[in-house]
Structure formats: C-alpha cells, structure tokens
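Before any comments, here is the structure.
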Amino acid sequence: MADLLSWGRYPYRPQQSHAVFWEMEVPQTLQNIIETAQNTLAYGLGRSYGDSCLAVSNHVVMTQGMDRVLAVDWQTGIILVQAGLSFAAIIEMALPRGWFLPVTPGTKFVTVGGAVANDVHGKNHHVMGTFGQHVRRLFVYRSDEGIVECSRQTRPDLFAATIGGLGLSGIIVAVEFQLRAVETSDIDQTSIRFGGLAEFFDLSESHDQTHEYTVAWVDCLATGSEAGRGHFIAGNHAKRSATSAQNELLLASSKKLKMPFDPPFSLVNSLSLRMFNTLYYHRQQQKIINSRVSYDPFFYPLDGIQQWNRMYGRAGFQQYQCVIPQSAGRDTIAAIMQEIAKSGTGSFLAVLKQCGQMTSPGLLSFPLHGVSLALDFPQIEQKNIQLFSRLDSLVHEVGGRLYPAKDAHMSAVHFQQAYPQWEQIEALRDPKLLSQFWQRVTQ
Ligand SMILES: Cc1cc2nc3c(=O)[nH]c(=O)nc-3n(C[C@H](O)[C@H](O)[C@H](O)COP(=O)(O)OP(=O)(O)OC[C@H]3O[C@@H](n4cnc5c(N)ncnc54)[C@H](O)[C@@H]3O)c2cc1C
C-alpha cells in the first residue's frame with residue numbers, strides 16, 4: 001500500500017492504494033474497500049491535477065497492474081487492452097509496426113482507462129476530436145451489474161456516461177480502440193514566433209487547414225506591446241522518404257532527468273517565471289523554423305523530467321484550463337491573459353489551442369468548439385482564490401467551462417451550469433464510486 005496524490009499535489013489528501021492485476025480481482029477488491037470505507041474510485045497513473053482522481057474515502061483501486069494487450073490486429077490497427085495499460089507502453093509496441101495513438105495528451109504517462117474517463121484531447125483536436133471518438137467498445141465493472149460490455153450500439157447509455165464520465169460509472173477493465181497509421185516516427189514541425197494574440201488566431205485559422213497538430217505557447221506575464229506573444233507550433237506525421245532504405249519507425253530514447261527532491265518552497269515564482277518566459281520567447285531568432293523532430297519531444301516535452309511537479313514545492317500547484325466558445329474566443333482570452341499578467345503569477349508554459357467542431361460521444365466531455373487556455377499556478381491560497389474567481393466570471397459570462405481533469409476549485413454552480421448533463425451521470429453513477437471532485441460539485 002502506498003500513499004498517492006494527484007499530479008498537482010493539491011488538495012493534499014493522500015490515497016491508500018489497493019492494487020488489481022486482473023479483471024476478476026476487481027469485485028473482491030472493491031468489496032474489501034467498501035466494508036470499511038463506504039466508497040472508492042479507480043486510480044490510473046495519477047496525471048489528473050486536482051481532486052477528480054481522489055476518492056472521498058481516500059481509498060482507491062489502483063489499475064496500473066492491469067496492463068496487458070488482450071487482442072490486436074496489426075492489419076487494421078484495432079486493439080483491445082486492459083485499462084491500466086499506459087500510452088507509453090502502447091507506443092513502444094505499436095510505433096515500430098507503423099501505428100500511433102489516435103489522440104494523445106501532453107504526457108504519455110496516462111492509462112487507457114484514465115484517458116477514457118477524462119476523454120482526453122490533444123494537439124489534433126480540430127481534426128481527430130477526443131480520445132473517446134476512437135473507442136469502439138468498453139468493458140466496465142459495476143458493483144450492481146458485474147462486467148458490462150458497452151458501445152455505441154450496446155448499452156449506449158453506459159458508453160456515453162463512461163467516456164469523460166470521471167470514473168464514476170464503473171471501473172473500466174478493458175478498452176477497444178482504433179490506432180492511427182503512421183509511416184515514420186517523426187513529425188515535420190513548423191515553429192513560428194508571434195507577437196500577439198491576434199496573430200495567434202490568424203495562425204491557427206490557416207494552419208488548422210494544413211496541419212494535424214497545432215498548439216501555441218504564450219508568455220502569460222508579457223504586457224503592453226508584448227502582450228500575448230509566444231510560439232506557434234504546427235506538425236504533421238512525416239512521410240517515409242521514397243529513397244531511404246533505413247528504418248524510419250524508431251522509438252525515442254528513454255533517458256530522463258529527475259527532480260530529485262521536494263524543495264520546501266516553490267521554485268516557480270514571479271522572478272523565475274519572468275526570466276524563463278523571456279529567454280524561451282527569444283530562443284528562436286528567426287520568425288519561422290521548419291524541422292523534422294522525433295515524436296517524443298514534439299508530443300511530450302515535459303516527460304523528459306520525471307516528477308517535474310515537485311518543483312512547485314510541498315504546497316503543490318493548480319492548473320487552470322478553460323475553453324471559450326469560438327464567438328467569444330478573441331476578446332475573452334485577451335481579458336483572461338490581462339488578468340493573469342496583472343496578477344504576476346502563472347506558469348512557464350501557458351498553452352493555447354484551437355479546439356474543433358467534432359462532438360464526443362461522452363456526456364461530460366470538456367472540449368467545445370473554441371479556444372482552450374491552460375496554465376499552472378503555484379498553490380498560494382489567497383492569491384489563487386482571488387485570481388480564479390475573476391477568471392471564472394470571465395469564462396462563465398460567455399458560456400465557457402473548466403476542465404474537471406485539471407480542477408481543484410470549480411464551484412457547484414459553475415459546474416452544473418457548464419455541464420448540464422451532469423444529472424445523467426449521477427443517475428448512472430455506480431453507488432460505490434465517489435470522487436472528491438464529484439462530491440464538491442454536486443453534493
Ligand atoms: C504533463 C501533463 C499534460 C497533460 N496534457 C493533457 C492534454 O493535452 N489533454 C488532456 O485532455 N489532458 C491532459 N493531461 C491530463 C491527463 O491526460 C488526464 O488527467 C488523464 O485522464 C490522466 O490519466 P491517468 O491514467 O493518470 O488517470 P488518473 O489521473 O489516475 O485518473 C483520472 C480519472 O480517470 C479515472 N480512471 C482511471 N482509471 C480508470 C478505470 N480503469 N476505470 C474507471 N475510471 C478510471 C479516475 O477515477 C479519475 O476520475 C495532462 C496531464 C499532465 C500531467
């Protein structure tokens with residue numbers, strides 16, 4: 001048994017872990033927990049930032065050991081895996097065979113079950129939608145029904161409540177989904193330095209037509225004529241060169257740095273942020289750089305430093321991720337950035353992404369057609385409460401919403417307004433499963 005936290009390490013509520021390795025162990029493990037603790041929740045790799053992966057009882061079912069491939073067809077790319085298998089493990093197996101994940105978040109250290117429960121999105125949302133759109137079948141254990149198979153045709157209610165369902169509709173034991181074919185393990189990348197938000201929106205509009213992956217980093221502390229400056233990054237899977245006889249499906253090296261200890265205070269403060277953001281902005285001298293890069297630094301730049309979340313010190317940090325509907329995107333993102341710059345706090349990387357129009361099969365899926373902004377804040381209680389409340393007003397005024405996977409502060413009123421389908425999830429919630437997030441926003 002090890003104590004577990006969420007990625008932001010805030011709120012600080014250590015979870016006792018109860019590991020499962022096979023589907024048939026899930027009922028007994030759940031039963032054992034319930035005898036003393038009333039409720040529980042599945043826990044994957046703990047890459048959710050706030051309290052959505054924390055059980056109210058502080059006892060979780062750890063799924064990482066359920067990590068086997070159950071069936072795979074390398075001709076079609078259809079794969080059936082246990083829900084605790086990580087994206088990192090899938091890449092290791094699939095990429096050398098010419099397959100990649102259809103959608104991936106900014107870390108490969110997530111489980112397939114966690115990716116379904118948060119219906120994760122990535123840099124290709126405008127083309128591929130969310131991960132849930134590529135799921136064909138789910139096998140879900142419910143304490144009142146046993147293992148249930150669900151899909152768009154069979155038990156569509158449970159399917160819709162499980163994709164993006166925050167782990168509340170049951171414990172996902174297996175997932176069948178469609179991989180996407182690639183010719184090489186590289187990305188043809190274009191990196192463009194931009195001077196302000198208006199330029200970001202123009203770049204998104206043009207590059208979303210031609211590139212599968214687009215995202216931007218913005219300097220959240222820049223003000224005046226430099227406000228909204230950043231780097232826009234677009235990419236496509238590189239094609240195999242007709243003349244090369246070399247293997248172009250190569251796994252990236254697994255060498256990593258590690259944050260070796262918990263500093264007593266946050267290493268992220270307004271001084272270090274300002275220095276880092278300025279240096280990062282100016283590291284690219286030319287306006288545009290085209291290059292061919294490996295998939296790993298392109299998709300997972302933060303995975304290079306293990307446990308980077310510790311640099312925020314023992315108090316931890318919160319991520320603020322919102323999505324603003326398209327019609328209000330330009331003005332509201334500008335207003336949010338202005339509030340953040342005024343506050344003098346924020347993260348090394350504020351990430352802006354234009355989300356597409358595809359709708360997910362999941363009831364509580366986060367992305368809307370519009371613009372998403374994500375950034376981290378060191379946990380400083382009073383400062384965050386005041387800033388988040390100003391940001392929340394701006395988001396909700398225009399019909400935007402926050403991402404539950406990243407959240408540790410959203411009010412019940414804001415959640416219920418932004419996700420009116422929440423009552424359908426509550427109706428299908430397994431009575432033995434309850435997260436701290438769900439209790440906070442619904443009860
Ligand atoms: C560096 C970084 C970058 C990220 N970038 C993105 C991004 O670009 N896009 C994005 O969408 N997200 C992003 N995330 C968030 C991350 O992708 C999600 O939080 C993901 O769900 C984490 O998966 P996990 O396996 O760690 O699940 P956990 O965090 O352990 O759990 C997440 C939820 O899934 C549920 N769950 C887990 N396993 C199961 C199961 N077997 N059955 C039922 N429920 C289950 C849990 O109960 C919980 O509600 C990022 C996170 C990090 C740390």
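Worth knowing before you read on, the calculation uses all heavy atoms, side chains too, and leaves out hydrogens, waters and symmetry mates. Order of listing sets the numbers, starting from 1, for every ligand and every atom in it. Numbers here are sequence positions counted from 1. Here the structure is a predicted model, which is why all the values come from computation and not from measurement.
Using a cut-off of 4.0 Å between Lys/Arg side-chain N and Asp/Glu carboxylate O, Asp219 and Arg229 are scored as salt-bridged. Taking the charged nitrogens against the carboxylate oxygens, Arg330 and Asp202 do have a contact shorter than 4.0 Å, which makes a salt bridge. One finds no salt bridge joining Glu23 and Arg68 here, because no Lys/Arg side-chain nitrogen approaches an Asp/Glu carboxylate oxygen to under 4.0 Å. Ion pair Lys432/Asp144 not flagged as a salt bridge, since none of the NZ, NE, NH1 or NH2 atoms sits closer than 4.0 Å to an Asp/Glu carboxylate oxygen. Comment: Arg440 engages Asp407 in a salt bridge, judged by a side-chain N to carboxylate O separation of less than 4.0 angstrom. Comment: Glu212 engages Arg180 in a salt bridge, judged by a side-chain N to carboxylate O separation of less than 4.0 angstrom. A salt bridge links Arg137 to Glu149: one of the charged nitrogens lies within less than 4.0 Å of a carboxylate oxygen.
Residue contact check for ligand 1: Phe437 places no non-hydrogen atom closer than 4.0 Å to it. In this structure, Gly122 does not count as a contact residue of ligand 1, since none of its heavy atoms falls inside 4.0 Å of the ligand. The closest approach between a heavy atom of Phe366 and any atom of ligand 1 is not below 4.0 Å. Contact annotation: Ser86 has no heavy atom less than 4.0 Å from any atom of ligand 1. By the 4.0 Å heavy-atom criterion, Gly46 is counted among the residues contacting ligand 1.
Contact atoms of ligand 1 toward Lys406: 13 (C), 14 (N), 15 (C) (distance under 4.0 Å to a heavy atom of the residue). Of all atoms in ligand 1, numbered sequentially from 1 with element shown, those under 4.0 Å from a heavy atom of Trp308 are 1 (C). Residue contact check: Asn118 has heavy atoms under 4.0 Å from atoms 18 (C), 19 (O), 20 (C), 21 (O), 32 (C), 33 (C) of ligand 1. Remark: ligand 1 atoms within the under-4.0 Å shell around heavy atoms of Leu166 are 49 (O). Residue-ligand proximity, Gly44 to ligand 1, at heavy-atom distances under 4.0 Å covers atoms 25 (O), 28 (P), 30 (O), 37 (C). The ligand atoms of ligand 1 that sit less than 4.0 angstrom from a heavy atom of Ala83 are 41 (N). Of all atoms in ligand 1, numbered sequentially from 1 with element shown, those under 4.0 Å from a heavy atom of Pro105 are 5 (N), 6 (C), 7 (C), 8 (O), 9 (N), 10 (C), 12 (N), 13 (C), 17 (O). Remark: ligand 1 atoms within the under-4.0 Å shell around heavy atoms of Trp7 are 53 (C).
Of the N or O atoms in Tyr403, one or more lie within a sub-3.5 Å distance of an N or O in ligand 1. Residue contacts with ligand 1: Ala42 is placed with a nitrogen or oxygen under 3.5 Å of a nitrogen or oxygen of the ligand (distance criterion only). Among the atoms of Val110, none of the N or O lies under 3.5 angstrom from an N or O of ligand 1. Polar contact check, Ile171 against ligand 1: no nitrogen or oxygen pair lies under 3.5 Å apart. At under 3.5 Å, not a single nitrogen or oxygen of Thr104, backbone or side chain, sits near a nitrogen or oxygen of ligand 1. Between Arg47 and ligand 1, an N or O atom pair is found at a separation short of 3.5 Å. Ligand 1 has an N or O atom lying under 3.5 Å from an N or O atom of Gly106, backbone or side chain. For a threshold of 3.5 Å applied to N or O pairs, the pair formed by Ser48 and ligand 1 contains at least one separation below that value.
Classification of the Trp308-Tyr49 ring pair by plane angle, with boundaries at 30° and 60°, yields tilted.
Judged purely by distance below 3.5 Å, without hydrogens or angles, the side chains of His121 and Lys353 never pair a donor atom with an acceptor atom.
With a 4.0 Å heavy-atom cut-off, ligand 1 is reached by the side chain of Leu41 but not by its N, CA, C or O.
Between Phe388 and His409, the distance separating the two ring centers is shorter than 6.0 angstrom. Taking the six-membered ring for Trp, Tyr300 and Phe109 have ring centres at least 6.0 Å apart.
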